[in-house]
Protein chains: 2
Amino acid sequence: MRSIPKISDAEWEIMKLIWRVNPITSEEIIISLSGKMNWSAQTIKTFINRLLKKGAIGFEKTGRSYIYYPLVSEKDCIRAENKSFLKKVYNGAVGMLFSNFIEEESLSEKEIEKLQDLLAKKKTKILPVKKIER
Amino acid sequence: MRSIPKISDAEWEIMKLIWRVNPITSEEIIISLSGKMNWSAQTIKTFINRLLKKGAIGFEKTGRSYIYYPLVSEKDCIRAENKSFLKKVYNGAVGMLFSNFIEEESLSEKEIEKLQDLLAKKKTKILPVKKIER
DNA sequence: TGGTATAGTTTACAACTGTAAACACAGCTT
DNA sequence: AAGCTGTGTTTACAGTTGTAAACTATACCA
């Protein structure tokens, strides 16, 4: 249960890729991100190295090059990021966060329905139900 | 329509206060935040100064001290922060953001109902309604 | 087996951040 | 009027970040 290191914006881009596809070589990372992000190969190498130093990813030697894989889970990182964002911008008020995003962002009907579903489910869960032990 | 400057985490704390109560003196800011944030008065002064330099706040002289007020709106800053967070962590997928927060965060029944209401309203707005001109 | 391309490592460097000490200046007090 | 006191201003300093060049070592090709 390694504590999650601080991951910078640029590093997040690398991590998202590694979480999606791993293990992965630096070459693949560079190919995949240099265009999208407009980063030079060297720049990407730096980010990979920093993530290594931070303990966010690990690697295994494979002949000439390494293959990298995540050491921290996406779930945990997202959770941490959510938390600090919520605190920083909304003082922890989830309700405000939601209403803001609902207002600002465009959602398809389908998405809205899915959210309504999620909320309904959530509601039943917090309903003061008489607990049945077994 | 001043473009919003980049506001750091610590600076956000100052801004949130200034948005809530303004105009405000540095003394008030220091009193209000030094305890909560565990910052020395000097540290807070630095943040205030940086916000001035960034053009996020302005001031007016009042004898010995200044009174500060925001130059960028809370709404705009929150919007920008939302946007970059959504992009960085969720690749812009609002749906994912919502389901994550709904799962992770605890919401009161009342809050859930409010959200359901908001979603319902949002839905009617995107419903393909035959426009009635007048 | 020697040379070379290439993957990884080190170094660079300015801007931004958190954290704060040192300094300067203008009113208020005596 | 002179000094003190409390504001604002400058300077400091290490760590992080974005961006990348320079360097090094080694696996593979000829």
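A, B, ... follow the sequence lines: proteins, then strands. Residue 1 opens every chain. If you're wondering where the values come from, they're calculated on a predicted model, not measured in any experiment.
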Student: Testing the 3.5 Å rule here: is there a donor-acceptor pair between the side chains of B/T43 and B/S40?
Tutor: yes
Student: Within residues 77-87 of chain B, which residues have any heavy atom lying less than 4.0 Å from an atom of DNA chain D?
Tutor: none
Student: Quick one: is C/dG8 close enough that its OP1 or OP2 comes under 4.0 Å of any side-chain N or O from A/S26?
Tutor: yes
Student: Under 4.0 Å between a Lys/Arg side-chain N and an Asp/Glu carboxylate O for A/E109 and B/K123?
Tutor: no
Student: Would you compute the distance between atom CG of B/N91 and atom CG of B/L97 and round it to the nearest 0.5 angstrom?
Tutor: 12.0 Å
Student: Can you confirm whether or not the ring centre of B/F59 sits under 6.0 Å from the ring centre of B/Y69?
Tutor: no
Student: Specify the residues of residues 29-63 of chain A, ordered by number, for which at least one heavy atom lies under 4.0 angstrom from an atom of DNA chain C.
Tutor: A/Q42, A/K45, A/N49, A/R50
Student: Between D/dT9 and B/Y66, is there an OP1 or OP2 to side-chain N/O distance shorter than 4.0 Å?
Tutor: yes
Student: Less than 4.5 Å apart, side chain to side chain, heavy atoms only: is that true for A/E11 and A/K54?
Tutor: yes
Student: Any side-chain N or O of A/R64 under 4.0 Å from OP1/OP2 of D/dC28?
Tutor: yes
Student: Between B/E111 (side chain only) and B/S108 (backbone N and O only), is there a donor and an acceptor less than 3.5 Å apart?
Tutor: yes
Student: Out of A/W39, A/W12, A/Y68, which residue meets the ring pair (Phe, Tyr, Trp, His ring centres under 6.0 Å) rule with A/F47?
Tutor: A/W39
Student: Please give me every residue in residues 6-13 of chain B whose heavy atoms get under 4.0 Å of an atom in DNA chain C, ordered by residue number.
Tutor: B/K6, B/S8, B/D9, B/A10
Student: Begin with the C-alpha distance, continue with both residues' side-chain angles, and end with the deciding distance and a verdict on salt bridge (charged side-chain N to carboxylate O under 4.0 Å, His left out) for B/K36 and B/E13.
Tutor: CA-CA 10 Å; B/K36 185 184 171 199; B/E13 223 50 50; 3.4 Å; yes
Student: Taking only side-chain N and O atoms of B/Y68, does any of them lie within less than 4.0 angstrom of OP1 or OP2 on D/dT7?
Tutor: no
